[in-house]
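Sequence lines set the chain letters: A, B, ... in the order given, protein chains first and strands last, and positions in each chain run from 1. Everything numeric in this text was worked out from a predicted model, so none of it was measured.
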Protein chains: 2
Amino acid sequence: MPANLASALITKLAVSNHLDGEDIRAIQNLRIRERHLGSREIIVADGDRPGECCLIVEGFASRSKTTAAGERQVLSLHIPGDIPDLQSLHLGIMDHDLISLSPCTLGFISHAELTEVTARHPHLAAALWRETLIDGSIFREWIVNVGRRAALQRMAHLLIEVHERLQAVGRTRGGEFSLPITQIDLGDCLGLSVVHTNRTLQALRGERLVETDRSGFNLLDEERLKELAGFDPTYLHLTPSG
Amino acid sequence: MPANLASALITKLAVSNHLDGEDIRAIQNLRIRERHLGSREIIVADGDRPGECCLIVEGFASRSKTTAAGERQVLSLHIPGDIPDLQSLHLGIMDHDLISLSPCTLGFISHAELTEVTARHPHLAAALWRETLIDGSIFREWIVNVGRRAALQRMAHLLIEVHERLQAVGRTRGGEFSLPITQIDLGDCLGLSVVHTNRTLQALRGERLVETDRSGFNLLDEERLKELAGFDPTYLHLTPSG
DNA sequence: GCGCCTTCTTAACTTGGATCAACACGCTCA
DNA sequence: TGAGCGTGTTGATCCAAGTTAAGAAGGCGC
């Protein structure tokens, strides 16, 4: 098993959990099937009943849902170390889509393997359970974001969130991070139209708060952005005790 | 231990999980501390580090969050059988408030007790993990609701959701169910102002889709409401296989 | 029974963000 | 090399929902 597959997971879990040697050995012994995807490919679709979970080793993915009326809403953004469809281990049917945002290296782990390893390592099971709880915590903040923040604050909040999460796994350079997302998708994250997404982004650029290009973002003044968004990092639970 | 405390949990878990005799015995043997609360009391507050989890035996509760700018957003509504702060078992610090919506009977279970029982009964642990995953699934639908549905559809969707959940635990009479929520709180669920919440509710009443009074709702035409909201129940995962 | 407070309701007015419509700027691929 | 497509940008217009304000209607304590 190539070490880099498991190590993405270990790095990520170690952010929010105390892993002991036994946990780490158990992860390293997982049978992980490597797979490479291009950009904008469907990893798991709404209505599927997958038999394995997908670990992001390299690249970005998003979960999204489309209403009966055809409106799309992005539900979450996923970064290396995430297992965005961990829920399929315990919920039979997918209720949304999981799509790659960039070329990705993925590691697939069968449900059977995960069931066995979590039964044998309750502490590791708790760590994964904890990951799904943090997932939920981020969903809650997105409800607040979309429900109660104006466009500018909303966008600032999202960008800071992604930056904090990437920073925790060592994937930022100062305020700069890679996130190859179109304005269409960004709007779908924020519940905004493309046009207004564009205008809002320009406002942030005009204030010299953010720089963007097709491949990522550069937060020019994190302090002022956090102030603007009213950002409180508690909900990310980025320490094992918090 | 009074049977009714544990039985609320058993009823609820049995909706979405196959419980065997051993699981049921384990739940019945849980040490649950009964407590009664009035309406609008804080059960757990943002920033707390609780040492126990709270089971709703009778009554209703909501989770909510207030932004730095002072805007409140309700994150979820909880009904008998729910453990709305199950997350505190694995996330040290609360990132939102949990408040009673009505007079409540609650059952408190210590983290120590839950840790022990989940370690000894992996199948029960999986059932509880599954509950937190369903929680997350409902959060996702709320993101869609607030992000991409117009006020009328949004309100219809919420009312159907609560009806379906209450129906699953046998707490509806036809389209009628109890939910003693003010229009202020309803607006905070939907990301709407009180004034517009009132207008929207009147529109639903005018269409003869819904009747309301202070204590609950009566869905007069579930079919037409579901049609209006574009409701797909998959995300509630109300069967053990789904 | 009276006064107070919260919630509900309605009306008038404002506004943030949606929609519609072009055009510009790369890519990709023939 | 140039057609076509997806994305980004801008301007004009519209509208759903917010805001403000004020009265009505119920519950509750005294």
Side-chain angles (χ1 to χ4, degrees), chain A residues 38-41 62 67 69-74 99-103 145-158 179-206 210-217 228-229, chain B residues 38-41 62 67 69-74 99-103 144-158 179-207 210-217 228-229:
Chain A
S39 190
R40 326 220 126 241
E41 293 195 46
S62 74
T67 66
E71 299 270 344
R72 199 175 89 107
Q73 173 70 45
V74 171
I99 302 174
S100 64
L101 280 175
S102 69
N145 212 28
V146 168
R148 289 301 188 196
R149 275 193 270 262
L152 196 69
Q153 282 77 340
R154 208 185 285 188
M155 188 173 289
H157 200 282
L158 176 67
L179 181 69
I181 194 176
T182 64
Q183 290 184 13
I184 299 169
D185 284 335
L186 188 55
D188 286 345
C189 289
L190 299 171
L192 296 174
S193 68
V194 207
V195 173
H196 202 64
T197 300
N198 181 279
R199 287 197 265 247
T200 305
L201 204 45
Q202 308 235 18
L204 287 177
R205 289 198 277 238
V210 174
E211 279 176 348
T212 54
D213 64 28
R214 201 150 308 228
S215 72
F217 294 82
L228 170 65
Chain B
S39 190
R40 327 217 126 241
E41 291 195 48
S62 74
T67 66
E71 299 269 343
R72 199 175 90 108
Q73 173 70 45
V74 172
I99 302 174
S100 64
L101 280 175
S102 69
V144 175
N145 212 28
V146 169
R148 289 299 188 198
R149 276 192 269 261
L152 197 69
Q153 283 76 343
R154 208 185 287 185
M155 187 174 289
H157 200 281
L158 176 68
L179 183 70
I181 194 178
T182 64
Q183 290 184 14
I184 299 169
D185 284 336
L186 187 55
D188 286 345
C189 288
L190 299 170
L192 296 175
S193 68
V194 206
V195 174
H196 202 63
T197 300
N198 182 277
R199 287 195 275 243
T200 306
L201 204 46
Q202 308 238 15
L204 286 177
R205 289 198 277 238
E207 290 286 327
V210 174
E211 278 175 348
T212 54
D213 64 28
R214 203 151 305 228
S215 72
F217 294 83
L228 169 66

As a test of reading the structure: which of [options] is closest to the side chain of [X], going by heavy atoms?
X      : options                : value
B:A151 : D:dG11, D:dG8, D:dA17  : D:dA17
B:H196 : D:dG18, D:dT10, C:dT9  : D:dG18
B:R214 : D:dG8, C:dT7, D:dT19   : C:dT7
B:T182 : C:dA21, C:dG17, C:dC8  : C:dC8
A:R205 : D:dT9, D:dT20, D:dA17  : D:dT9
B:L192 : D:dT10, D:dA17, D:dT20 : D:dA17

At under 4.0 Å between heavy atoms, what does A:G187 touch on the DNA or RNA strands: base, sugar-phosphate, or nothing?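 If one applies the 4.0 Å heavy-atom cut-off, A:G187 turns out to touch nothing in the nucleic acid.
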NA contact type, B:V194, heavy-atom cut-off 4.0 Å: base, sugar-phosphate, or nothing?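 It contacts nothing in the nucleic acid.
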Please determine whether side chain to side chain contact (heavy atoms under 4.5 Å, CB included) holds for the pair A:Q153 and B:T67, giving the CA-CA distance in whole Å, both sets of side-chain angles, and the decisive distance to 0.1 Å. CA-CA 11 Å; A:Q153 282 77 340; B:T67 66; over 6 Å; no
Residues A:M155 and A:L186: closest non-hydrogen pair is CE-CD2, 4.1 Å
May I have the distance from [X] (atom [atom1]) to [N] (atom [atom2]), rounded to whole angstrom?
X      : N      : atom1 : atom2 : result
A:L152 : C:dT15 : CG    : C1'   : 16 Å
A:R154 : C:dA18 : CZ    : C1'   : 13 Å
A:R72  : C:dA18 : CZ    : P     : 16 Å
B:L201 : D:dA17 : CG    : P     : 15 Å
A:I184 : D:dG8  : CD1   : P     : 6 Å
A:D213 : D:dT7  : CG    : P     : 16 Å
A:R199 : D:dG11 : CZ    : C1'   : 8 Å
B:R40  : D:dG27 : CZ    : C1'   : 14 Å

Would you please test B:S193 and B:N198 for side chain to side chain contact (heavy atoms under 4.5 Å, CB included) and show each step? CA-CA 9 Å; B:S193 68; B:N198 182 277; over 6 Å; no
Check whether any side-chain nitrogen or oxygen of B:N198 sits under 4.0 Å from OP1 or OP2 of C:dT9, and answer yes or no. yes
Looking at C:dT6, I'd like to know if its phosphate oxygens (OP1 or OP2) sit under 4.0 Å from a side-chain N or O belonging to B:Q183. no
Donor-acceptor contact present, side-chain B:S100 to main-chain B:E41, <3.5 Å: yes
B:L190/B:R149 under side chain to side chain contact (heavy atoms under 4.5 Å, CB included): CA gap, chis, key distance, verdict: CA-CA 10 Å; B:L190 299 170; B:R149 276 192 269 261; over 6 Å; no
